[in-house]
2 protein chains.
Amino acid sequence: MFSKACEYGIKATLFIAQKSLHQQRVSLKEIASEIDSPIAFTAKILQSLARSGMVDSHKGPTGGFEMDRTKMDTITLYEIVHAIDGDQIFHGCGLGLKQCDANHPCPVHEKFVVIRENLTQMLQNTTVYELASGLDIGLTLLKR
Amino acid sequence: MFSKACEYGIKATLFIAQKSLHQQRVSLKEIASEIDSPIAFTAKILQSLARSGMVDSHKGPTGGFEMDRTKMDTITLYEIVHAIDGDQIFHGCGLGLKQCDANHPCPVHEKFVVIRENLTQMLQNTTVYELASGLDIGLTLLKR
DNA sequence: TCTATTTCGGACAAAAATATCCTAATTAAA
DNA sequence: TTTAATTAGGATATTTTTGTCCGAAATAGA
């Protein structure tokens with residue numbers, strides 16, 4: 001469904017958010033270890049997420065990543081997925097046609113509109129805070 | 001959502017089915033041209049679909065691909081997607097965890113279950129015949 | 001039987017995604 | 001001011017996906 005980059009990006013963001021709930025900044029190393037991802041690749045993704053304002057990064061000793069509460073409440077899975085994987089998954093044709101819309105539909109157009117609408121709504125309605133909270137109380141897991 | 005191989009596979013199958021509605025066998029060349037796909041790559045996918053019994057293939061002059069009406073009514077998008085892309089999309093964790101289930105859920109597990117259930121139902125309820133018919137009456141398109 | 005046409009299937013190639021390595025820039029603290 | 005720790009970012013490597021090439025096998029028809 002999502003690229004590996006996107007999976008890592010979501011998990012990293014959620015881990016950062018969870019730690020930020022306790023005013024803890026986390027390092028790249030910690031993140032990669034906690035979400036079980038390749039460290040250098042994760043670094044790239046975090047760079048990109050930092051550039052697009054999803055998380056805050058700080059260099060130097062005691063540096064690392066963090067996310068303030070306002071962002072946790074504002075940013076949804078939709079923003080993260082969109083920032084990393086683009087909008088192909090939200091707007092691209094299910095069969096790869098360049099031009100596919102209600103006027104020139106591919107055979108699965110109508111059926112995919114419904115699925116994609118469900119997916120989009122779900123992602124847009126799911127905040128980082130909501131998921132970070134679930135993590136924090138041990139309800140959900142980032143590894144295994 | 002699907003791999004390129006899967007997109008081509010679905011489009012090829014639908015084109016074969018549409019032509020079979022009129023007792024016409026179609027060649028690889030025709031198929032690749034009609035669905036706007038790379039010919040040799042399409043050949044691989046059709047081989048695989050033929051091996052798994054989704055379509056029938058015949059060698060030699062007047063050879064090509066066809067699909068009988070019984071198969072059109074029986075085979076759904078689910079079978080095609082499953083044959084080409086496997087069941088990752090249906091059963092894999094949205095965040096890539098190896099073990100992710102109701103007892104050990106990732107942060108998005110519950111939300112993804114719903115989306116995937118929608119997708120699975122839609123694919124299982126959509127027969128090749130239904131989509132081939134839409135194509136045949138010009139309601140939908142395979143190119144553009 | 002011969003020929004032309006078609007799918008089959010293995011080997012190879014190119015492109016994209018995933019992953020690694022190394023140096024630079026920044027910065028907190030000694 | 002120096003040092004050590006940390007992210008930033010460019011270059012490179014590996015793996016997977018996508019795509020190509022070519023000869024083999026089958027087969028309809030002359």
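As the structure is a prediction and not an experimental result, all values here were calculated from the model. Each chain gets a letter, A, B and so on, in the order its sequence line appears, and its residues count up from 1.
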Cluster check A/M122, A/M72: I/L/V/M/F/W/Y, side chain < 4.5 angstrom: yes
Evaluate the criterion side chain to side chain contact (heavy atoms under 4.5 Å, CB included) for residue pair A/V55 and A/E66; output intermediate values, then yes/no. CA-CA 6 Å; A/V55 301; A/E66 63 190 9; over 6 Å; no
Within 45° of the ring axis of A/F65 and under 6.0 Å from its six-membered ring centre, is that where the NZ or CZ of A/R25 lies? no
Are side-chain heavy atoms of B/C6 and B/I10 found at a separation under 4.5 Å? yes
Residues touching DNA chain D, which here means a heavy atom under 4.0 Å, drawn from residues 31-57 of chain B: B/P38, B/A40, B/F41, B/K44
Least distance between heavy atoms, B/T127 atom then B/D73 atom: CG2-O, 3.5 Å
Shortest non-hydrogen separation from B/C100 to B/C106 and the atoms involved: SG-N, 3.4 Å
Check: B/T42/B/S37 side-chain N/O donor and acceptor closer than 3.5 Å: yes
Whole-Å distance separating the CD atom of B/E30 from the C1' atom of C/dT7: 14 Å
In whole angstroms, how far is the P atom of C/dA17 from the CZ atom of A/F2? 16 Å
Every protein N/O lying under 3.5 Å from an N/O of nucleotides 23-30 of chain C:
| residue | atom | partner | partner atom | Å |
| --- | --- | --- | --- | --- |
| C/dA28 | O4' | A/P61 | O | 3.4 |

Can you find a side chain N or O atom of B/Y8 that sits less than 4.0 Å from OP1 or OP2 on D/dT18? no
Tell me: CD1 of B/I84 to P of D/dG19, nearest whole Å? 13 Å
Take atom CD of B/E7 and atom P of D/dT17, then tell me their distance rounded to the nearest Å. 15 Å
Close side-chain approach of A/L142 and B/P107, heavy atoms under 4.5 Å: yes
Quickly work out the A/K4 NZ to D/dT17 C1' distance and round it to whole Å. 15 Å
Take atom CG of B/L28 and atom P of C/dG9, then tell me their distance rounded to the nearest Å. 14 Å
